[in-house]
Trainee: 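Dropping a structure here in C-alpha cells format, bear with me for questions.
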Amino acid sequence: MAEIGVAVIGFGLAGRVFHAPFVSAVPGLRLEAIVQRRGDEAAKAYPGTRILRSVEEALSDSAISLVVVGTPNETHYSLARQALQAGKHVVIDKPFAATSEEARELIDLAGEKKLIVAPFHNRRWDGDFLTVRKILDSGELGRIATFESHFDRFRPLPREATWKEAANDANGMLFDLGPHLVDQAVALFGPPESITASVRRDRDTTAIEDAFDITLHYPKLQAICRATMLAAEPAPRFLIHGTRGSFRKYGLDPQEPALVGGAKVPPVGDSVEWLREPESAWGTLVVAPDPNQPGDLNRTTVRTEAGDYRGYYANVRDAILGTGTLAVSSEDGYRVIRLLELARQSSAEGCTLEVRF
C-alpha cells in the first residue's frame, strides 16, 4: 500500500488526542510532521516525527499529501484554504468552517483542485452511536417518534486561558459540540424539513454560547440535540422512543478520556482490542414483542459496539487512494454548518425555520 504523508497542524487537545494517535495507527498513513509553533510536547510524544514551527513549512513539503487542521476554530477556514491552494488534501476538525459561505468556498476550491476536503465528524465512530444505528436498522423500536441526543457537562465557571471560552461566533458549545450531535442526527435520518432552536448563555458568567436545544423536524419524527455546561447530573446520552419500544444509553464513548489519560492506540490489525465499553455502561432496550399487547414488555441490556476512530482515517486514506468514497463528505460538513446557522437564527427570532440548503 502506498503511504500518504500526513502533517497535523496544531498539538492542542485536537492534535494530541484525536488526530496524531489515529493517523499513526492506520496502515497507509505516515505521520510525516506535526506543526507546533512553540513547546516540545509533540517532539516528546512522537520522537520519530519531524516537528515544524510554521504552517508554510508543511505546505511546501512534497512529502506531505494530507494536512489535518486541528487549530482554534476561527483559523480553520484560512488554514484549510491555504492547504488546498498548496495542493494538499485536507481534514478539518470541527467545525468545518465558521460559516456556510466559507464551507462552500472550501468545497468549490477542493473541486477545482481535484482534492479531498473532509470534516472531522469522528463521532460517527463512537461505540454508542454505532449501537444506536444498529438498533434503528434492526427495526426493533418500530417507527421512531422521538430521538434525543445529549452532550452534558458540569462546568459552571469559565475556564481561564483558553480560546474555547473567548467571544467569537466560531467558538462556544453550538460550534464545538453542535457539529457532532447534528451530524449524527442527519446521518441517521437525513436532512430535516425545519428546525427550532434555543441557543443560550446559561452560566452566570460566560462569553460564549454555553447551552443549546435544537429540534430537527421530520414527518412524524423529532430529533432533539442538546448540550449544556450546567448538568451536574447528566441526562442519557441517547434516549429514543418508537412505536414498539425505547432505548436509553448513559455515558460517553470511552476513547477520548482514555487518550487524555495516556492510552496508546494500537495499530490496525494488532491483536489488542481497542477499548470495549464495560458492561456497566451498556444501554437498555425495552420493547413490546407483540404490538397488540403493548403492556407485555421485554427489557434487555444491549452490548455497546466497539467505537474506533481509526475507521475515520482508514476511510480518508481509501478516498485519497481512490479505493473508496468519503463516509463523511464535504457536503455533510456544509449541511451541518448551515443547520447550526439556522439554529442560531431560529433562537434569535424565536421561531421555527424551514430548512433549505
Trainee: Please identify each residue that fulfils ring-ring contact (aromatic ring centres under 6.0 Å, His included) with F22, with sequence neighbours left out.
Mentor: Y309
Trainee: Apply salt bridge (Lys or Arg N to Asp or Glu O under 4.0 Å) to K113 and list each qualifying residue two or more places apart in sequence or on a separate chain.
Mentor: none
Trainee: Ignoring hydrogens, what is the shortest heavy-atom contact between A110 and V117? Give both atom names and the distance.
Mentor: CB-CG1, 3.5 Å
Trainee: Please name the pair of heavy atoms, one in I208 and one in A166, separated by the smallest distance, quoted to 0.1 Å.
Mentor: CG2-O, 3.5 Å
Trainee: Spell out, yes or no, whether L31 and L13 are grouped together once hydrophobic residues are joined by side-chain heavy atoms under 4.5 Å, including indirect joins.
Mentor: yes
Trainee: Is there a side-chain contact between R133 and L188 in this structure, where contact means two heavy atoms from C-beta onward sitting under 4.5 Å apart?
Mentor: yes
Trainee: Can you pull the ring pair (Phe, Tyr, Trp, His ring centres under 6.0 Å) pairs that have at least one residue in residues 233-256, sequence neighbours excluded?
Mentor: F147-F238
Trainee: Is there a donor-acceptor contact under 3.5 Å from the side chain of N298 to the main chain of A288?
Mentor: no
Trainee: If you group Ile, Leu, Val, Met, Phe, Trp and Tyr by side-chain heavy-atom gaps below 4.5 Å, do L136 and L216 land in one group?
Mentor: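 Yes, L136 and L216 fall within the same hydrophobic cluster.
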Trainee: Applying side-chain hydrogen bond (donor to acceptor under 3.5 Å, both in side chains), can you list everything that pairs with E349, at least two apart in sequence or on another chain?
Mentor: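 In terms of side-chain hydrogen bond (donor to acceptor under 3.5 Å, both in side chains), with neighbours along the sequence ignored, E349 is linked to Q345.
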Trainee: Do any N or O atoms from the side chain of H76 and from the backbone of T71 form a donor-acceptor pair under 3.5 angstrom?
Mentor: yes
Trainee: When rounded to the nearest 0.5 angstrom, what is the spacing between OG1 in T243 and CD1 in I144?
Mentor: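 Spacing of OG1 (T243) from CD1 (I144) equals 7.5 Å.
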Trainee: Is a donor on one side and an acceptor on the other found under 3.5 Å between the side chain of S346 and the backbone of A343?
Mentor: no
Trainee: Counting C-beta onward and ignoring hydrogens, is there a side-chain heavy-atom pair between E331 and I107 closer than 4.5 Å?
Mentor: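 In short, these two side chains touch, coming nearer than 4.5 Å.
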Trainee: Does atom CG (D137) have a neighbourhood of more than 12 heavy atoms from anything else shown, all under 6.0 Å?
Mentor: yes
Trainee: Hydrogens and angles aside, do W274 and Q255 bring a side-chain donor and acceptor to less than 3.5 Å of each other?
Mentor: yes
Trainee: Using every non-hydrogen atom in the two residues, find where L285 and L141 come nearest and quote the distance to one decimal.
Mentor: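 It is CD1-CD2, 3.5 Å.
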Trainee: Does the side chain of F154 come within less than 4.5 Å of P234's, by heavy atoms?
Mentor: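 They are not in contact (no side-chain heavy atoms under 4.5 Å apart), so the answer is no.
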Trainee: Could you pull out all residues at least two apart from E354 that satisfy salt bridge (Lys or Arg N to Asp or Glu O under 4.0 Å)?
Mentor: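 Scan of E354 (salt bridge (Lys or Arg N to Asp or Glu O under 4.0 Å), adjacent residues dropped) gives R356.
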Trainee: Whether the side chain of T131 engages the backbone of G127 through a donor-acceptor N/O pair (distance < 3.5 Å, no angle test) should be reported.
Mentor: yes
Trainee: Applying the 4.5 Å side-chain criterion to the ILVMFWY set and letting contacts propagate, would L181 and V355 be lumped into a single cluster?
Mentor: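 Both belong to a single hydrophobic cluster.
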Trainee: Rounded to the nearest 0.5 Å, what separates atom OG1 in T304 from atom CH2 in W282?
Mentor: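 The distance works out to 7.5 Å.
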Trainee: Among the clusters formed by ILVMFWY side chains lying less than 4.5 Å apart, do I195 and Y218 turn up in the same one?
Mentor: yes
Trainee: Output yes when a side-chain donor or acceptor of T75 lies under 3.5 Å from a complementary backbone atom of P72, and no otherwise.
Mentor: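 A pair under 3.5 Å: yes.
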Trainee: Between D332 and R335 (salt bridge meaning N to carboxylate O under 4.0 Å), is one present in this structure?
Mentor: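 Salt bridge: yes.
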Trainee: According to side-chain hydrogen bond (donor to acceptor under 3.5 Å, both in side chains), who are the partners of H121, at least two apart in sequence or on a separate chain?
Mentor: D183
Trainee: Minimum heavy-atom separation for A83 to V90, with atom names?
Mentor: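 Looks like CB-CG2, 3.6 Å.
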Trainee: Given a cutoff of under 4.5 Å between side-chain heavy atoms of I, L, V, M, F, W and Y, with clusters grown through shared members, what are the other residues clustered with V286?
Mentor: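 L297, which link up through side-chain heavy atoms under 4.5 Å apart, make up the rest of the cluster.
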Trainee: Under the rule for salt bridge (Lys or Arg N to Asp or Glu O under 4.0 Å), what residues qualify as partners of E256, not counting sequence neighbours?
Mentor: R123
Trainee: Looking at residues at least two apart in the chain, or sitting in another chain, which of them share a ring-ring contact (aromatic ring centres under 6.0 Å, His included) with Y334?
Mentor: none
Trainee: Using a 6.0 Å cut-off, check whether atom CZ of R53 has over 12 heavy atoms from anything other than its own residue.
Mentor: yes
Trainee: Evaluate the side-chain proximity of I214 to L174: yes if any heavy-atom separation is below 4.5 Å, no if none is.
Mentor: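 Yes, close enough: below the 4.5 Å cut-off.
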Trainee: Hey, are the side chains of T99 and R104 touching, using non-hydrogen atoms and a 4.5 Å cut-off?
Mentor: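 Not touching, per the 4.5 Å side-chain cut-off.
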Trainee: Quick one about S149 and R237 (side-chain donor to acceptor, distance below 3.5 Å, no hydrogens or angles considered), yes or no?
Mentor: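 Judged by distance alone, the side chains do pair up.
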Trainee: Ignoring hydrogens and angles, tell me if any N or O in the side chain of N171 forms a donor-acceptor pair with the backbone of W163 under 3.5 Å.
Mentor: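 Confirmed, N171 side chain pairs with W163 backbone.
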Trainee: Nearest 0.5 Å please: distance from the NZ atom of K88 over to the CD1 atom of I64.
Mentor: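 If I round to the nearest 0.5 Å, the distance is 6.0 Å.
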Trainee: Any heavy-atom pair between the side chains of D126 and Q184 that's under 4.5 Å?
Mentor: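 They are in side-chain contact.
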Trainee: Can you confirm whether more than 12 heavy atoms, excluding those of R38, are under 6.0 Å from its CZ atom?
Mentor: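 For R38, atom CZ is not crowded (no more than 12 foreign heavy atoms under 6.0 Å).
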Trainee: Could you check whether any side-chain N or O of R226 sits under 3.5 Å from a backbone N or O of A235, counting only pairs where one atom can act as donor and the other as acceptor?
Mentor: no
Trainee: Hydrophobic clusters here meaning ILVMFWY residues chained together by side-chain heavy-atom distances under 4.5 Å, can you tell me if W125 and I116 are in one?
Mentor: yes
Trainee: Please evaluate residues F96 and V336 with respect to the criterion side-chain contact (heavy atoms from CB on, under 4.5 Å), reporting the C-alpha separation (whole Å), side-chain torsions for both, the decisive distance (0.1 Å), and the verdict.
Mentor: CA-CA 9 Å; F96 187 51; V336 165; over 6 Å; no
Trainee: Any salt bridge linking E57 with R50? Criterion: basic side-chain nitrogen under 4.0 Å from a carboxylate oxygen.
Mentor: no
Trainee: Output all residues satisfying salt bridge (Lys or Arg N to Asp or Glu O under 4.0 Å) with D210, sequence neighbours left out; order by chain, then residue number.
Mentor: R203
Trainee: Given side-chain contact (heavy atoms from CB on, under 4.5 Å), test R81 with E102 step by step and report yes or no.
Mentor: CA-CA 9 Å; R81 188 169 182 273; E102 289 181 353; over 6 Å; no
Trainee: Could you grab the distance from atom CG of L252 to atom CZ of F151, nearest 0.5 Å is fine?
Mentor: 5.5 Å
Trainee: Please say which of R344, K164, R200 ends up in a salt bridge (Lys or Arg N to Asp or Glu O under 4.0 Å) with E209.
Mentor: R344
Trainee: Checking the side chain of K94 only, and the main-chain atoms of D176 only, is there a donor and an acceptor separated by less than 3.5 Å?
Mentor: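 Pair found, side chain donor or acceptor close to backbone of D176.
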Trainee: Using 0.5 Å steps for rounding, measure from the CD atom of E305 to the CG atom of D253.
Mentor: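 Rounded to the nearest 0.5 Å, the CD-CG separation comes to 12.0 Å.
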Trainee: Indicate whether the side chain of T162 and that of E165 have a donor and an acceptor atom separated by less than 3.5 Å.
Mentor: no
Trainee: Could you tell me how the ring of F11 sits relative to the ring of Y46: parallel (under 30°), tilted (30 to 60°) or perpendicular (over 60°)?
Mentor: perpendicular
Trainee: Mind checking what makes side-chain hydrogen bond (donor to acceptor under 3.5 Å, both in side chains) contact with Q36, not counting sequence neighbours?
Mentor: E41
Trainee: Please test L326 against V316 for side-chain contact (heavy atoms from CB on, under 4.5 Å), starting from the C-alpha separation and ending with a verdict.
Mentor: CA-CA 6 Å; L326 281 177; V316 169; 4.2 Å; yes
Trainee: I want to check something: taking the side chain as every heavy atom from C-beta on, are I224 and E148 in contact at a cut-off of under 4.5 Å?
Mentor: yes
Trainee: Between R310 and P266, is there a donor-acceptor pair closer than 3.5 Å when you use the side chain of the first and the backbone of the second?
Mentor: yes
Trainee: Applying side-chain hydrogen bond (donor to acceptor under 3.5 Å, both in side chains), can you list everything that pairs with S100, at least two apart in sequence or on another chain?
Mentor: E341
Trainee: Quick one: are F120 and V328 in side-chain contact, heavy atoms under 4.5 Å?
Mentor: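 Answer no - side chains too far apart.
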Trainee: Between CG of D202 and OG1 of T228, what distance do you get to the nearest 0.5 Å?
Mentor: 5.5 Å
